Amino acid sequence: MPYSKIIGSGGFLPPRVVTNNDLAAELATRNIETSDDWIIERTGIRQRHLADPGVTTSQLATEAARRALLDAGIQAADLDLIIVATSTPDHIFPSTACLVQAALGARGGAAFDVQAVCSGFVYALTTADAFIQAGRARTALVIGAEVFSSILDWNDRGTCVLFGDGAGAVVLRADDQPGILAAKLGADGSQMNILCAAGNVSHGAVVGDPFLRMDGQAVFKLAVTSLTRSANDVCSMAGVRLDDIDWLVPHQANIRIINFLGRRLGVPDERVVVTVDQHANTSAASVPLALDAARHDGRIKAGDLVMMQGVGGGFTWGSVLVRM
Ligand code: ACO
């Protein structure tokens, strides 16, 4: 049975950088009070990249994909599977993955979206890995991409300061050497209300609330417990110890969740990849953007053991352990 090997990665952030001070000044024009100090202290976020009006998730995804293909040294025509993880698709249908396929000039392979909010990338990566292990694909493009700013209530200071836009991508190829060693996904749909955007479009009208709503403290607790359990499970499955992990690449929601998790798992800060300060929470894009940043600045090297972890709405979570 073949392994899936990550042979390339790429990331793309929209060029418009909005600092906490920029955001505080903008919110102040609507009498909504926030500050750089509050945001940094509670979240670790210093800035986020926001897409300009009209920029779509598939456009960000395609840019990240082009960079990942270049990094992997392969052509779009070589892809036989494209999976996009997103909660902010361009359309109801077709899937964002089909739009990316067309934009890249790839043809004929399978293309579909995965919806698991901030866990989306680890869900998509695990799905692509299963395709490759089963012999149903040999070369897969896995993307996490979001224009999350489009589902934020910019009058709700409790949520709008937390998120950003972006896309990250990896190319996987079948290989007889590992590769992805183990993966485990989980969900608890009974917790749907603590983090949701519960609206829809029906009969030509928006039905329900189209904006993201969150019970931050409930999310914090569930994120830490589910990710701790998930990390232990995936290490047991692979027969490795938490100590063996070279790099933890967790979902970038909040520095306090990341620090808490690192302490619980016994992974020292210098082996935890952090981008939340620069990118804020880019939902499904956060893990591949962080992975790509650490690969390209030389921290994550071939042969390193890397644990990627996602957690988010649903409630969903998951971990993927990979030998780079
Ligand atoms: N600026 C200033 N004050 C604010 C802001 C803001 N942006 N947002 C909320 N406040 C105020 C609240 O109104 C409240 O004021 P009050 O005491 O007068 O009522 C006070 O700050 C405390 O509000 P809480 O919501 O209780 O703040 P908390 O300490 O819980 O921090 C936070 C909020 C950062 C969201 C925290 O709950 C958290 O870290 N949660 C984890 C969830 C998370 O990171 N989610 C990201 C998306 S989910 C995911 O990706 C998995």
Side-chain angles (χ1 to χ4, degrees), residues 18-48 85-88 115-123 144 146 148-149 151-166 168 185-188 191-198 211-230 249-262 264 274-277 279-290 308-319:
V18 177
T19 65
N20 292 344
N21 282 326
D22 295 335
L23 189 53
E26 206 277 316
L27 292 177
T29 63
R30 283 177 280 124
N31 294 322
I32 300 168
E33 193 190 326
T34 190
S35 67
D36 185 43
D37 286 349
W38 192 97
I39 299 170
I40 289 178
E41 190 198 319
R42 307 283 178 123
T43 72
I45 295 165
R46 293 176 182 277
Q47 61 172 44
R48 72 283 295 135
T86 187
S87 302
T88 49
Q115 219 287 33
V117 202
C118 305
S119 309
F121 181 76
V122 295
Y123 265 65
E146 304 280 12
F148 230 61
S149 55
I151 57 165
L152 298 178
D153 177 353
W154 290 96
N155 292 312
D156 174 10
R157 67 179 181 172
T159 55
C160 74
V161 303
L162 303 176
F163 296 92
D165 301 328
L185 306 176
D188 179 356
Q191 300 294 328
M192 63 169 284
N193 290 326
I194 65 171
L195 182 55
C196 58
F211 295 123
L212 178 146
R213 304 293 173 201
M214 178 179 73
D215 174 345
Q217 289 175 12
V219 167
F220 195 111
K221 284 183 202 134
L222 208 49
V224 172
T225 47
S226 57
L227 290 181
T228 306
R229 197 174 346 105
S230 175
V249 185
H251 173 48
Q252 306 286 316
N254 185 308
I255 195 65
R256 294 192 303 167
I257 294 180
I258 294 172
N259 288 343
F260 204 88
L261 182 69
R264 276 225 181 154
V274 174
T275 52
V276 69
D277 54 334
H279 302 169
N281 181 350
T282 56
S283 189
S286 94
V287 170
L289 274 169
M308 286 177 260
Q309 294 201 287
V311 63
F315 205 76
T316 56
W317 60 86
S319 301

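Any value given below was found using the heavy atoms of this structure, including those in side chains, with hydrogens, waters and symmetry copies removed. On a predicted model such as this, the values are computed, not experimentally measured, just so you know. Order of appearance sets the numbers: ligands from 1, and atoms from 1 within every ligand.
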Taking 4.0 angstrom as the limit and counting only heavy atoms of [X], give me the atoms of ligand 1 inside it, by number and element.
X	answer
Asn281	46 (C), 47 (C), 49 (C), 50 (O)
Val219	42 (C), 48 (S), 51 (C)
Gly158	8 (N)
Phe163	47 (C)
Gly216	37 (O), 40 (N), 41 (C), 42 (C)

Quick one: does atom 18 (O) of ligand 1 have a protein heavy atom under 4.0 Å from it? no
Any non-hydrogen protein atom below 4.0 Å of atom 4 (C) of ligand 1? yes
For [atom], grab the closest protein heavy atom and report residue, atom and distance to one decimal in Å.
atom	result
atom 51 (C) of ligand 1	Val311 O, 3.3 Å
atom 45 (N) of ligand 1	Met214 SD, 3.1 Å
atom 11 (C) of ligand 1	Arg157 NH2, 3.6 Å
atom 33 (C) of ligand 1	Trp38 CH2, 4.0 Å
atom 36 (C) of ligand 1	Arg256 NH2, 3.7 Å
atom 29 (O) of ligand 1	Arg42 NH1, 2.5 Å
atom 25 (O) of ligand 1	Gln217 NE2, 4.8 Å
atom 1 (N) of ligand 1	Thr34 OG1, 2.7 Å

Using 30° and 60° as the class boundaries, would you call the ring planes of Phe260 and Phe220 parallel, tilted or perpendicular? perpendicular
Using 0.5 Å steps for rounding, measure from the CD1 atom of Ile151 to the CG atom of Leu212. 5.5 Å
Distance-only polar pair, side chains of [X] and [Y], donor-acceptor under 3.5 Å:
X	Y	result
Asn20	Arg48	yes
Thr282	Glu146	no
Gln47	Thr19	no

Residue pair Ile45, Phe163: steps toward the side-chain contact (heavy atoms from CB on, under 4.5 Å) verdict: CA-CA 9 Å; Ile45 295 165; Phe163 296 92; over 6 Å; no
Sub-4.0 Å heavy-atom contact, Ala223 with ligand 1: no
Tell me, please: is Val161 in heavy-atom contact with ligand 1, that is, under 4.0 Å? yes
Show the numbers, then the answer: is there a side-chain contact (heavy atoms from CB on, under 4.5 Å) between Glu26 and Val18? CA-CA 10 Å; Glu26 206 277 316; Val18 177; over 6 Å; no
Indicate, as side chain, backbone, both or neither, the part of [X] found under 4.0 angstrom from ligand 1 when only non-hydrogen atoms are considered.
X	result
Asn254	side chain
Ile39	neither
Leu195	side chain

Are any of the side-chain heavy atoms of Leu162 and Thr43 separated by less than 4.5 Å? yes
Min N/O separation Thr43 to ligand 1 under 3.5 Å: no
